[in-house]
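To start, the structure itself, in C-alpha cells.
When reading the values below, keep in mind they use all heavy atoms of this one structure, side chains included, and skip hydrogens, waters and symmetry mates.
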Amino acid sequence: MANTSTPDIVYTKVDEAPELASASLLPIIRRFASAAGVSVDTRDISLAGRILAAFPDHLTEDQRVSDDLAELGELVKTPGANVIKLPNISASEPQLVAAIKELQGQGYALPDYAYDPKTEDEKAARARYDTLKGSAVNPVLREGNSDRRAAAAVKTFAQNNPHRMGEWSADSNTRVATMGAGDFFANEKSATLPKDSGAKIVLEAAGGETVLKDGLSYPAGTVVDATYMSASALDAFLAEEIEKTKSEGILFSLHMKATMMKVSDPIIFGHAVQQFLAPVFEQYGDEMKALGVSPNAGLGDLLERVKDKPEILKAIDACMADRPAMYMVNSDKGITNLHVPSDVIIDASMPALIRGGGKGWGPDNKEHDAVCVIPDSSYATVYDEAINFFKANGKLNPATAGTVQNIGLMAQKAEEYGSHPTTFEITQTGTVKMILDDGTVLHEHSVAGGDIWRSASARKAPIEDWVNLAIERQKATGYRAIFWLDATRAHDAELISHVKPILEAAGVADKFEIMAPREATRASLETITKGENTIAITGNVLRDYLTDLFPILELATSAKMLSIVKLMNGGGLFETGAGGSAPKHVQQLQEQNHLRWDSLGEFCALGESLKFLAETHDNARARVLGEAVEAATQGVLDHGRSPSRKVGEPDNRDSHYWFARYWAEALGAQSDDAALAEEFGPVAKALAENEAKIVGELAAAQGSAADTGGYYHPDLEKLASVMRPSATLNEIIG
C-alpha cells in the first residue's frame with residue numbers, strides 16, 4: 001500500500017505513549033490545519049510498522065504496508081520537507097522480539113527472531129530484523145544538525161513553578177566508575193581523508209584474512225575513526241567494581257545505551273550480567289547456553305529460560321545474596337538494573353539520579369547512594385563532574401537557573417557509534433585493519449577474541465554546517481558558547497582542526513571556547529547556577545546525553561524541549577522531545593486509563609512547523625495558525641493544564657482539550673485573518689460553554705483498565721475509543 005501524495009506536514013506515527021497521545025491530538029491538529037488549507041498526514045516509523053515493511057513477502061496483500069521510513073529518508077533531502085518527528089522506539093533485542101510476537105499473535109505470519117540462526121532462511125530473517133534494532137530511524141531522517149533548546153515559555157514557566165530537586169550531601173557516596181584504560185576512548189584513532197575513497201575492514205589472524213566489511217565509501221574531508229574495547233579489561237573492571245561496591249555498602253548500577261549503541265552496548269551489558277553472576281556461569285554456563293541463555297538479553301530473559309531448573313535458580317539466589325544490592329527499575333516487581341538492556345538508558349537514568357540527589361531505588365524500595373558504572377570513559381566524565389559539582393555546591397535551583405542550549409552534530413549519520421554496520425565482536429586474536437582503495441592502512445588495532453571493534457565517521461559538509469549553525473545561534477543569543485571537544489581525544493582533535501579555521505574565517509573565534517567534556521560540564525553548571533545561559537556545541541552522542549541532562553535538571557523533563565533540525569537541503573524536521581519514560585505511561589494507561597504523557601513538545605514542534613510552512617510556501621494563514629499555537633501553548637502552561645501523574649486527575653486528553661480551546665480562542669481573537677477569526681470564534685465559544693460536560697466525560701473514562709488492542713501495534717478503533725472518550729469534544733472538533 002503506497003502513499004500517493006506528500007502532505008504539507010508529515011506527522012510521524014510512532015510507538016508507546018507519544019502514539020497514544022497522537023490518537024487524541026492529531027484529529028485536533030487536522031481540523032485546525034484544514035482551515036488554512038494545510039494538509040497533515042502520517043507516515044509510520046513505529047517499530048511494528050518497520051517490521052511489517054521489512055517482510056512484505058510473508059504477508060497477505062491487505063496486510064502489506066509501505067516503507068514509510070524509506071520514503072521519509074528521501075523526503076528529508078528535499079527543500080519541501082516539513083516533518084514533525086515524535087520519539088520512536090530504538091529497539092533493543094527484547095523489544096524487537098516482543099513486537100514480533102505481538103504481531104504474530106495478531107495474524108501476521110512473520111518469521112521468528114532466531115537468536116542462533118542455523119538455516120539460510122533463519123539467517124536471512126535475522127539479517128532483516130537486525131536492521132530494525134537500535135537507532136534505525138534517526139540516522140535516516142536526520143539530514144541536518146540539531147538546534148535543541150527550551151522554548152522561552154517553557155523555561156519561564158519552569159522558573160516560576162520550580163520542580164522538586166533531591167538534596168545533595170557533600171558526603172554522598174554516589175560516584176561514577178569508568179574504565180579509563182582498554183576502552184573505546186583509550187584506543188581511538190582518527191584521520192581526515194584527503195580525497196574520496198572506498199575502504200574495507202579486515203581481520204588478519206593466524207588462520208588467514210576475514211573481511212568484516214567491504215564496499216565502504218567516504219567523500220574527501222570525512223573524519224574516520226576506529227577504536228576497540230578490550231573484553232578482558234572490561235571483565236576485570238566489572239569484577240573489581242562489583243567487589244568494591246559491596247565493600248562500600250551502596251547500590252550497583254550499570255548505565256548504558258543498548259538502543260542507540262545497538263551493537264556494542266548489548267555486548268557490554270552481557271558482560272555485566274555474566275560478571276555479576278560469574279559463579280553461576282562458571283558452574284552452569286554450558287547448560288544455560290543449551291537452554292538458549294544469552295547474557296546480552298539480560299537477567300530477565302535468563303531467569304525465564306532457567307525457571308524449571310531449581311539447582312540453577314538456587315545458585316543464582318546464592319550469588320545475588322553475596323553481591324551488592326542492585327539499583328532497581330521496579331523494586332515492587334523485583335526488576336533489577338540488569339533485567340532488560342533497554343530498561344536503563346544512560347541519558348535518562350543518570351540525569352534522574354543526579355536530579356534526585358544522587359539516590360537510586362534499592363530492592364528494599366528505599367533510596368540509597370549508588371555506584372554508576374559507565375564502562376567507556378569517553379563521556380563518563382560529564383556525569384562524574386556533575387556529581388562532583390553538586391556534592392560541592394548543593395542542588396540546582398530551577399527557579400533561578402539559566403539554560404543550556406545545544407547545537408549537535410548529527411547530520412548524515414555523523415558519529416553514530418554503535419548504530420552502524422561497522423561495529424564487530426571480534427572472534428579471534430589478530431589485527432583489525434581499515435584499508436583504503438589504494439592499499440593504505442588508515443587504522444589498525446591488535447585485538448583478542450571477544451573485543452568490540454568499531455568505526456564511525458563524520459562528513460565534511462555536516463561538520464561545516466554544524467559550526468555555521470553554532471555561529472548563527474551564538475550571534476542570535478549572545479550566549480556563552482562552548483565546543484565540547486577534548487584535544488587529547490583522537491576524534492575530537494580532528495574535529496578541532498576543522499572547527500578552528502571556520503571560526504577564524506568567519507571572524508568569530510573570540511566568541512567561542514573549546515573545552516574537554518569534564519571542563520565544559522563544570523563551566524556550564526557554573527554559568528547556569530549564576531542564572532546565565534550557555535550553548536553546548538557537541539557531537540552526536542553528547543547531543544543525545546546533554547539534551548536530557550540539562551533539561552531534566554532545569555525543567556524536570558526533556559519531553560518539553562524544542563528541537564529544530566534545519567535540514568541541509570532546505571527542509572525542516574521538528575522533533576518533539578524524549579520518550580524514555582513512555583513505557584511506564586503506557587502501563588498506567590492500560591491499568592488505570594490515565595495517560596500522563598505531556599504533549600508540550602508536540603505543541604512546540606507544531607508551532608515551529610506551521611511557521612516554517614508559512615515561510616517556505618508563502619502561506620500567511622499557516623503563520624497565523626502557528627502564532628496561535630504559541631498562544632495556546634502559553635495558555636496551557638499559564639493555567640496549569642498539563643497532565644497530572646495520578647489517576648482521577650486531568651491527564652493528556654484533558655490537556656488536549658485545553659490546547660484546542662486556547663488555540664481556537666487565539667484564532668478567534670486575532671485580526672490578521674478575518675476568515676479564520678470568523679471560523680474559530682464559534683469553536684472557541686462551544687468549547688468554553690461545554691467545558692463542564694467535556695471535562696466530565698474525560699474524567700469518567702479514567703479508573704479502569706483500557707484495551708488498545710496491542711502495545712506495539714494497537715487496534716486503531718480501540719485506540720480512538722480510549723483516547724477520544726468525550727463525545728461532546730469529538731462533535732465540536734469533528
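Judged purely by distance below 3.5 Å, without hydrogens or angles, the side chains of Glu554 and Thr403 pair a donor atom with an acceptor atom. Side-chain atoms of Tyr711 and Glu16 form a donor-acceptor pair, as typed in the model, at a separation below 3.5 Å. Checking Thr529 against Glu526 by side-chain atom types alone, no donor-acceptor pair falls below 3.5 Å. Side-chain contact, Gln588 with Arg596: a donor N or O sits under 3.5 Å from an acceptor N or O.
Rounded to the nearest 0.5 angstrom, Ser294 OG and Ile267 CD1 are separated by 9.5 Å. Leu549 contributes atom CG, which lies 10.5 Å from atom OG of Ser558 (distance to the nearest 0.5 angstrom). Taking OG1 of Thr174 as the start and CZ of Phe390 as the end, the distance is 13.5 Å to the nearest 0.5 Å. Taking CD1 from Ile514 and CD1 from Ile482, the interatomic distance works out to 11.0 Å, rounded to the nearest 0.5 Å. Separating the CD1 atom in Ile387 from the CG atom in Leu353 is a distance of 6.0 Å, to the nearest 0.5 Å.
Here Asn138 pairs with Lys85, Asn88, Ser135, Arg142, Glu575 under the side chain to side chain contact (heavy atoms under 4.5 Å, CB included) rule; sequence neighbours left out. Residues meeting the side chain to side chain contact (heavy atoms under 4.5 Å, CB included) test with Ala493, sequence neighbours left out: none. Applying the side chain to side chain contact (heavy atoms under 4.5 Å, CB included) criterion to Lys530, with sequence neighbours excluded, gives Glu532. Partners of Thr400 by side chain to side chain contact (heavy atoms under 4.5 Å, CB included), not counting sequence neighbours, listed by chain and number: Asn397. The side-chain hydrogen bond (donor to acceptor under 3.5 Å, both in side chains) search around Thr527 returns Arg480, not counting sequence neighbours.
The closest side-chain heavy-atom distance from Phe424 to Ile201 is below 4.5 Å. Between Met410 and Arg543 the shortest side-chain heavy-atom distance falls below 4.5 Å. Using a 4.5 Å cut-off on side-chain heavy atoms (C-beta onward), Val404 and Leu546 make no contact. In this structure, Thr538 and Ile407 have side chains that are not in contact, with every pair of non-hydrogen atoms separated by 4.5 Å or more. Ile335 has its side chain within reach of Asp343: a pair of non-hydrogen atoms, C-beta onward, lies under 4.5 Å apart. Within the 4.5 Å cutoff, no side-chain heavy atoms of Glu444 are placed close to those of Val432. Ser253 has its side chain out of reach of Val371: every pair of non-hydrogen atoms, C-beta onward, lies at least 4.5 Å apart. Between Asp130 and Lys133 the shortest side-chain heavy-atom distance falls below 4.5 Å.
A donor-acceptor pair under 3.5 Å is absent between the side-chain atoms of Trp484 and the main chain of Glu519, judged by distance alone. Counting only distance, with no hydrogens or angles, the side chain of Asp183 and the backbone of Ser377 share a donor-acceptor pair below 3.5 Å. Side-chain atoms of Thr227 come within 3.5 Å of backbone N or O of Phe184 as a donor-acceptor pair. Side-chain atoms of Asn393 come within 3.5 Å of backbone atoms of Phe389 as a donor-acceptor pair (strictly under, hydrogens ignored). Proximity of a side-chain donor or acceptor of Thr336 to a complementary backbone N or O of Met326 within less than 3.5 Å is not detected. Without hydrogens or angle criteria, Asp376 side chain to Phe185 main chain gives a donor-acceptor distance under 3.5 Å. The backbone N or O of Ala226 sits nowhere less than 3.5 Å from a side-chain atom of Lys189 that would complete a donor-acceptor pair. Panel note: side chain Thr557, backbone Ile552; no donor-acceptor pair is recorded below 3.5 Å. With hydrogens and angles disregarded, a donor-acceptor distance shorter than 3.5 Å links the side chain of Asp15 to the backbone of Ile89. Checking side-chain atoms of Ser455 against main-chain N and O of Asp225 turns up a donor-acceptor pair under 3.5 Å.
Legend: salt bridge (Lys or Arg N to Asp or Glu O under 4.0 Å) pairs involving residues 330-342, not counting sequence neighbours: none detected. Sorted pairs that involve residues 296-322 and meet ring-ring contact (aromatic ring centres under 6.0 Å, His included), not counting sequence neighbours, are lacking altogether. Applying the side chain to side chain donor-acceptor pair (under 3.5 Å) definition to pairs two or more places apart or across chains, none involves residues 309-318. Among residues at least two apart or in separate chains, there is no ring-ring contact (aromatic ring centres under 6.0 Å, His included) pair with a member in residues 334-360. Contacts classified as side chain to side chain donor-acceptor pair (under 3.5 Å) and involving residues 265-292 (residues at least two apart or in different chains) are given here: Asp235-His271. For residues 382-409, the salt bridge (Lys or Arg N to Asp or Glu O under 4.0 Å) pairs, not counting sequence neighbours, are Glu167-Lys395, Asp384-Arg518, Glu385-Arg518, Glu385-Arg522. Screening residues 344-365 for salt bridge (Lys or Arg N to Asp or Glu O under 4.0 Å), with sequence neighbours left out, gives Lys257-Asp347, Lys359-Asp369.
The aromatic rings of Phe252 and Phe276 are tilted relative to each other, their planes meeting at an angle between 30° and 60°. A tilted orientation is assigned to the rings of Tyr129 and Tyr113, their planes being inclined by 30° to 60°.
Counting all heavy atoms, side chain and backbone alike, Asp451 lies closest to Ser232 at OD1-N, 4.5 Å.
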*Quick one: do Asp486 and Arg489 satisfy salt bridge (charged side-chain N to carboxylate O under 4.0 Å, His left out)? Show the steps, please.*
CA-CA 5 Å; Asp486 185 349; Arg489 179 187 172 189; over 6 Å; no

*Begin with the C-alpha distance, continue with both residues' side-chain angles, and end with the deciding distance and a verdict on salt bridge (charged side-chain N to carboxylate O under 4.0 Å, His left out) for Arg454 and Glu188.*
CA-CA 10 Å; Arg454 66 188 188 187; Glu188 188 173 62; over 6 Å; no

_Derivation of the salt bridge (charged side-chain N to carboxylate O under 4.0 Å, His left out) call for Glu243 and Arg323_ = CA-CA 8 Å; Glu243 289 303 315; Arg323 292 305 199 196; 3.3 Å; yes

*Give the C-alpha distance, both sets of side-chain angles, the deciding distance and a yes or no for side-chain contact (heavy atoms from CB on, under 4.5 Å) between Ile316 and Leu303.*
CA-CA 9 Å; Ile316 291 172; Leu303 291 170; 3.9 Å; yes

*Is there a side-chain contact (heavy atoms from CB on, under 4.5 Å) between Asp308 and Val306 once you walk through the steps?*
CA-CA 5 Å; Asp308 297 324; Val306 303; over 6 Å; no

*Do Ile426 and Tyr228 pass the side-chain contact (heavy atoms from CB on, under 4.5 Å) test, and can you show the C-alpha distance, the side-chain angles, and the key distance before you say yes or no?*
CA-CA 10 Å; Ile426 302 302; Tyr228 77 99; over 6 Å; no

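The pair Lys262-Glu93 does not count as a salt bridge, with every side-chain nitrogen at least 4.0 angstrom from each carboxylate oxygen.
Shown here is Lys413, whose NZ atom has no more than 12 heavy atoms of other residues, nucleotides or ligands within 6.0 Å.
Ring-centre distance between Tyr327 and His255: below the 6.0 Å cut-off.
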